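This report concerns only the one structure given below.
Note that the coordinates shown come from a computational prediction; the quantities given were computed from them, not determined experimentally.
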Amino acid sequence: MPHPDASFWTKIAPKYARDPIADMEAYTATLERMRACLRPDDAVLELGAGTTTTARDLAGQVRDYLATDIAAGMIRIGEEKQDADPIPTLRLAVADGVPEGEFDVILALNLLHLVRDLEAFLADIAARLAPGQLFISKTTCLGAAPFLARLGIRVMIPAAALIGKAPGAVLFLTPESLDAAITRAGFTIEETRQETGTIPRRFVVARRA
């Protein structure tokens with residue numbers, strides 16, 4: 001059964017692919033930090049890979065890179081990029097949840113605030129990683145936005161979701177609640193960075209305990 005939000009993300013995939021990265025400086029900083037964590041023999045899984053921009057930036061430096069997304073439309077655009085400019089170590093797949101397999105590194109970028117059951121999702125991620133392996137995430141923390149911004153988002157998103165203009169599931173995480181959930185899932189947090197702005201985003205490098 002398709003994920004309830006898959007059709008929304010497929011519908012916006014062409015626009016998503018056209019839109020420039022909003023904060024290129026922050027994107028580049030995150031990319032460089034992730035590159036420093038990856039080893040040539042790693043098998044990497046990226047969840048919520050979208051149209052595979054980040055996957056294409058990272059896949060060439062590892063043994064195997066599986067980029068997944070719930071939206072077939074996002075993966076189709078990624079496949080078009082792959083057809084035009086193949087990266088031998090990059091594989092793409094439509095997947096609802098965390099696919100079976102064993103990985104050395106799992107990435108979830110701009111994703112955790114969009115899952116419907118964060119605890120279960122993080123438990124599935126932990127199950128795919130051996131002790132000592134890495135989980136790297138970057139998460140929008142809507143719960144840390146200013147009060148009026150939070151209030152507006154809480155009203156706007158359900159209304160927009162009713163007419164297909166927003167995903168149905170959005171979590172109002174704070175940096176503290178995010179870190180606590182990752183820790184409960186069996187990870188030791190090794191590094192955090194926070195992007196400032198009206199709605200902060202938190203970068204976390206965590207190791208499977």
* **side-chain contact (heavy atoms from CB on, under 4.5 Å) between Ile189 and Val205, intermediate numbers included** => CA-CA 6 Å; Ile189 293 176; Val205 177; over 6 Å; no
So, the side chain of [X] versus the backbone of [Y]: is there a donor-acceptor pair under 3.5 Å, distance only?
X	Y	result
Thr89	Tyr65	no
Glu119	Ala181	no
Asp104	Ala43	yes
Arg207	Gly132	yes
Arg208	Ala126	yes
Glu46	Thr54	no
Ser177	Leu173	no
Asp69	Ala71	yes

Is the closest side-chain heavy-atom distance between [X] and [Y] below 4.5 Å?
X	Y	value
Phe187	Val204	no
Val98	Leu45	yes
Val105	Arg39	no
Arg184	Leu122	no

* Asked: Can you get from Leu58 to Met74 by hopping between Ile, Leu, Val, Met, Phe, Trp and Tyr side chains that sit under 4.5 Å apart?
  -> no
* Does one hydrophobic cluster hold both Leu90 and Leu109, with members joined at side-chain heavy-atom distances below 4.5 Å? -> yes
* Asked: Taking 4.0 angstrom as the limit, do Arg35 and Glu32 come out as a salt bridge?
  -> yes
* To do: Using a strict cut-off of less than 4.0 Å between a Lys/Arg side-chain nitrogen and an Asp/Glu carboxylate oxygen, indicate whether Asp85 and Lys81 qualify as a salt bridge.
  => no
* **Lys165 atom NZ, neighbour heavy-atom count above 12 within 6.0 Å** => no
* For Glu102, look at atom CD and say whether over 12 heavy atoms of other residues, nucleotides or ligands are found less than 6.0 Å away. => no
Cut-off 3.5 Å, no hydrogens considered: what does the side-chain donor-acceptor table look like for residues 136-154, sequence neighbours left out?
from, atom 1, to, atom 2, distance (Å)
Lys138, NZ, Thr30, OG1, 2.9
Lys138, NZ, Glu195, OE2, 2.3
Arg150, NH1, Ala145, O, 2.6

* Specify whether Trp9 and Tyr16 have parallel, tilted or perpendicular ring planes, treating 30° as the upper limit for parallel and 60° as the lower limit for perpendicular. => perpendicular
* Between the side chains of Gln133 and Arg128, does any donor sit under 3.5 Å from an acceptor? -> no
* Structure fact -> The reported gap from CG in Leu38 to CG in Asp41 (rounded to nearest 0.5 angstrom) is 10.5 Å
